[in-house]
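The structure under discussion appears below in the form of structure tokens.
Just so it is clear, the model here is predicted, and its values are computed rather than measured. Chain letters run A, B, ... following the sequence lines, proteins first and then strands; every chain starts at 1. Values reported hereafter were calculated over all heavy atoms of this structure, with side chains retained and with hydrogens, waters and symmetry mates removed.
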Amino acid sequence: MHNFILARVDKALSEGLDPSALRTRFPPEPNGFLHLGHAKSICLNYSVAERGDGAAMNLRFDDTNPEKEEQTYIDAIREDVLWLLNEDGKAKQLADLPSFGVERFASSYFEEIYQAARQLINKGLAFVCSLTPEEMTQTRGTLTSPGQNSPYRDRSVEENVKLFEAMRNGEFEDGQHTLRAKIDMASPNINMRDPILYRIRRTEHHQTGAIWPIFPMYDFTHPISDALEGISHSLCTLEFEDHRPLYDWVMREVDFATLGAPDVPALPVQIEFARLNLNYTVLSKRKLKRLVDENIVNGWADPRMPTIAGMRARGFTAKALNHFCRMIGVTRSDAVVDVSTLEFAVREDLNERAPRAMCVQDPLKVIITNYPEGQTETLDAARHPQNPDFGTRTVPFSREIYIEADDFREEANKKFKRLVLGKEVRLRNAYVIRCVDCVKDAAGKITELHCEYDDKTLGRDPEDRKVKGVIHWVSAAHAVPLTLHLYDRLFSEPLPEANKDVDFLEGLNPNSLQIVEGALGEASLAQDGGGFPLQFERTGYFIAAGPQAPGVYYRTVALRDTWAGGADDNG
RNA sequence: UGGGGUGUAGCCAAGUGGUAAGGCAGCGGGUUUUGAUCCCGCCACGCGUUGGUUCGAAUCCAGCCACCCCAGCCA
């Protein structure tokens, strides 16, 4: 992995920065589940932590807004970060990861942040403002015109101290006062127009309970938290670029030594990078939350969701996600990555690790008329075509089998490589059969096929002719019934958020989930305990839904299909 | 129209004055008991645009254009 941030880190290292002083943090707010965009950030932050001996990445819950945050999100985030960074599954907890530092909460620093505010008040750099929210908005100015000073801007240090303490003691109602930095109401950067540092929220906080009726804002909390953790590189997304002057202002004006900050070679620096966008989906917690709240999906971990938990449920691997993050790079330009890149990363990993099996989604009965009735033979089939270490499984073969209905045509052109009336095809892992008859019901619907097998074609090709097609099948008497969940992109619009005048839900794909009942899997699937990906040959990668839904498989991703494009010419 | 950013192929993305890496997608071919995998080949006379500097410019300079972010007591 290489990018402009790592380049900057390497440069600092080459200029003498002690590798053990390298420290990053991943700072999610626990107000939703982590998604692919967070995976990019985690991957980046962790890659910096892997640059040197003693370097580390912290996990810090940025929990300064109790109204939107929940313990359940904290638990989910912790699980997702561990899963993502624990590709080999060896670590039992975050602390076991080689380059992981510590887990913290911004709320762990509420006392220090409060003291920092006191410092600023004492330096005359912060004041208690009693403007109403409406007045605050009115006096902030606009993008093109300066704001006006608050009438409370010149309160004495003593009065500010007294009021701020009263705020802390819970003596005021929500919104009655705020603590503001005294910077410059005429700054062209709106973030510097006397930004709010603290607001009153008499709400129970998931970590600190009722002890704090006031909560620091992100812009004040973040630099202080970074300094207290000895963060060297504070990586965030582009929209925070305008906040960097404020970040640096806090760094400059607060005396961190008296707050107990570690002795580090330098103050943290904030570096911004472009957030991830993926087409045919949305990557914003606010929008994903709507999908959950409006029951458009089945929770944050719905396999269609681009959340870490959703993708995990669907069978994506941590390795694939990390690989994807390395593939897309890290830059400062807005980019929309094509889903095909993600699918490639997933297939690449699954191809290596998924044992093969056969499953017929839309069964069509085939009777092998020249095969003895009542006979069953067990055929050996490799679990992986390229890797013998996977071993073999046994596949029962008998007189009645099922094949995929779509693998048969009464007539077809030469491009069609599957079974055609009067022609031959190879049954995967078994014999070559020839279709001799096609039985239909009164409505003309094909109900079963009569075929003959060539008993000299097990494990070898016929000598006098070429059979090019191979199809999958299951033995009728041994097949296990399965239910398949086939997922498609959640949105049919490539950029659901592109048009600001149209609700992004308008772009939803109504067929993002197709449930296939009555699929038939090969006998060995009865023993599948789940927990690892499978490839159903010729169709896709699947993973068992789990013990609470036996026989249900989720399709992780379909196999690449170079034939699909010519489907209108497929005979 | 204030401030901050970004423009290299259909999508990502290297490149930092010496003559356009790589990946995805796509296309063509080979191997194949998965139309998968794997392998080989093709895919930017041009880097938003117009000028300028230079022996030489995606890289330096100037102008212009397009797009993104900022007016939460959200992060």
Side-chain angles (χ1 to χ4, degrees), chain A residues 2-3 27-29 31 62-65 67-69 129 131-133 136-137 140-147 174-180 187-193 195-201 214-215 217-219 221-222 236-245 272 274 279 285-286 326-345 347-348 351-352 356 358 381-382 384-386 415-418 425-432 457 459-461 467-472 535-541 558-566 570:
Chain A
H2 190 77
N3 55 60
E29 183 188 11
N31 64 347
D62 213 343
D63 57 345
T64 57
N65 185 356
E67 295 180 330
K68 291 186 177 170
E69 297 155 7
C129 182
L131 251 24
T132 66
M136 190 86 75
T137 303
R140 187 155 29 226
T142 70
L143 293 178
T144 53
S145 62
D174 285 12
Q176 210 175 331
H177 304 285
T178 57
L179 183 74
R180 291 226 262 168
S187 171
N189 182 345
I190 294 182
N191 297 302
M192 298 298 269
R193 318 238 262 228
I196 293 171
L197 267 21
Y198 264 94
R199 78 285 210 189
I200 300 170
R201 282 289 174 280
I214 57 173
F215 293 92
M217 300 286 288
Y218 166 86
D219 281 317
T221 306
H222 215 82
C236 63
T237 44
L238 249 26
E239 66 268 30
F240 291 101
E241 184 151 26
D242 291 340
H243 297 240
R244 193 169 66 219
E272 311 84 14
N279 57 18
K285 272 194 278 189
R286 209 198 102 246
R326 286 190 294 273
M327 283 176 78
I328 58 173
V330 178
T331 68
R332 292 173 58 84
S333 55
D334 294 311
V336 183
V337 176
D338 196 287
V339 280
S340 67
T341 307
L342 211 211
E343 291 175 350
F344 171 85
R347 289 191 187 108
E348 186 168 63
N351 177 53
E352 273 183 32
R356 314 288 136 121
M358 292 190 287
H384 194 290
Q386 277 85 231
K415 285 185 184 169
F416 187 77
K417 288 169 51 177
R418 293 167 267 175
V425 78
R426 157 76 64 183
L427 292 177
R428 175 73 168 156
N429 299 128
Y431 301 95
V432 168
T457 55
R460 67 176 119 142
D461 286 327
V467 177
K468 55 181 194 285
V470 181
I471 63 173
H472 55 101
Q535 185 197 102
F536 290 162
E537 286 188 302
R538 304 212 310 132
T539 61
Y541 295 99
L559 254 34
R560 182 164 173 264
D561 186 2
T562 50
W563 166 254
N570 64 7

Using a 4.0 Å heavy-atom cut-off across all strands, classify [X] as base, sugar-phosphate, or nothing.
| X | answer |
| --- | --- |
| Pro28(A) | nothing |
| Val336(A) | sugar-phosphate |
| Gly540(A) | nothing |
| Ala430(A) | base |
| Arg201(A) | base |
| Ser187(A) | nothing |
| Asn429(A) | base |
| His222(A) | nothing |
| Gln535(A) | base |
| Glu29(A) | sugar-phosphate |
| Leu197(A) | nothing |
| Thr237(A) | nothing |
| Asn351(A) | sugar-phosphate |
| Phe536(A) | nothing |

For Ser333(A), does its backbone N or O pair with a side-chain atom of Thr331(A) as donor and acceptor, under 3.5 Å?
-> yes

With distance as the sole test, does Ser187(A) use its side chain to make a donor-acceptor pair with the main-chain N or O of Met192(A) at under 3.5 Å?
-> no

Starting the side chain at C-beta, find the nucleotide from [options] nearest to [X].
| X | options | value |
| --- | --- | --- |
| Asp338(A) | C74(B), U34(B), C11(B) | C11(B) |
| Ile328(A) | C12(B), U37(B), C70(B) | C12(B) |
| Asp334(A) | U34(B), C68(B), A75(B) | C68(B) |
| Arg140(A) | G23(B), C73(B), G35(B) | C73(B) |
| Met217(A) | C12(B), C74(B), A13(B) | C74(B) |
| Phe344(A) | C74(B), A14(B), A25(B) | A25(B) |
| Leu143(A) | U37(B), U34(B), C70(B) | C70(B) |
| Glu241(A) | G5(B), U33(B), C73(B) | G5(B) |
| Pro188(A) | U34(B), C74(B), G2(B) | G2(B) |
| Val470(A) | A36(B), A75(B), U33(B) | U33(B) |

[N] and [M]: how far apart are their [atom1] atoms, nearest whole angstrom?
| N | M | atom1 | value |
| --- | --- | --- | --- |
| C55(B) | A14(B) | C1' | 27 Å |
| C12(B) | G72(B) | P | 31 Å |
| A58(B) | U49(B) | C1' | 13 Å |
| G10(B) | C27(B) | P | 16 Å |
| A21(B) | G41(B) | P | 15 Å |
| G46(B) | G15(B) | C1' | 14 Å |
| C47(B) | C42(B) | P | 23 Å |
| C24(B) | G18(B) | C1' | 31 Å |

Hey, which sits more toward the 5' end of RNA chain B by its nearest nucleotide, Asn3(A) or Arg286(A)?
-> Asn3(A)

For Ser333(A) and for Leu342(A), locate the closest nucleotide of RNA chain B by heavy-atom distance; then report the residue assigned to the nucleotide nearer the 5' terminus.
-> Ser333(A)

Could you pull out the closest heavy-atom pair between Val330(A) and Asn3(A), with the gap in Å?
-> O-CB, 3.5 Å

Determine, stepwise, if the pair Met327(A) / Val337(A) fulfils side-chain contact (heavy atoms from CB on, under 4.5 Å).
-> CA-CA 10 Å; Met327(A) 283 176 78; Val337(A) 176; over 6 Å; no

What is the separation between atom [atom1] on [X] and atom [atom2] on [N], rounded to the nearest whole Å?
| X | N | atom1 | atom2 | value |
| --- | --- | --- | --- | --- |
| Arg326(A) | G22(B) | CZ | C1' | 15 Å |
| His472(A) | A36(B) | NE2 | P | 14 Å |
| Asn279(A) | A25(B) | CG | C1' | 11 Å |
| Arg428(A) | A36(B) | CZ | C1' | 9 Å |
| Trp563(A) | G28(B) | CH2 | P | 13 Å |

Complementary nucleotide for [N] - Watson-Crick or wobble, under 3.5 Å:
| N | value |
| --- | --- |
| A66(B) | U6(B) |
| C43(B) | none |
| G51(B) | C61(B) |

Hey, does [Y] have a side-chain heavy atom less than 4.5 Å from the side chain of [X]?
| X | Y | answer |
| --- | --- | --- |
| Glu241(A) | Arg332(A) | yes |
| Ile471(A) | Leu427(A) | yes |
| Asp62(A) | Thr221(A) | yes |

Output yes when at least one side-chain N/O atom of [X] is less than 4.0 Å from OP1 or OP2 of [N], else no.
| X | N | value |
| --- | --- | --- |
| Arg180(A) | C73(B) | no |
| Thr64(A) | A75(B) | yes |
| Thr562(A) | G35(B) | no |
| Arg356(A) | U34(B) | no |

Hey, is G72(B) sitting syn or anti, using the within-90° cutoff around 0?
-> syn

Return the orientation label for the Tyr218(A) and Phe240(A) ring planes: parallel under 30°, perpendicular over 60°, tilted otherwise.
-> tilted

Qualifying residue, where the test is side-chain contact (heavy atoms from CB on, under 4.5 Å) with Asn429(A) and the options are Arg356(A), Glu537(A), His472(A) = Glu537(A)

Is the aromatic ring centre of Tyr218(A) closer than 5.5 Å to the centre of the six-membered base ring of A75(B), with the two planes inclined by less than 30°?
-> no

Distance criterion of 3.5 Å, no angle test: do you see the side chain of [X] paired donor-to-acceptor with the base of [N]?
| X | N | value |
| --- | --- | --- |
| Arg538(A) | U34(B) | no |
| Asp561(A) | G35(B) | no |
| Arg244(A) | G4(B) | no |

Can we say Lys68(A) and Glu29(A) salt-bridge, meaning some charged N sits less than 4.0 Å from an Asp/Glu carboxylate O?
-> no

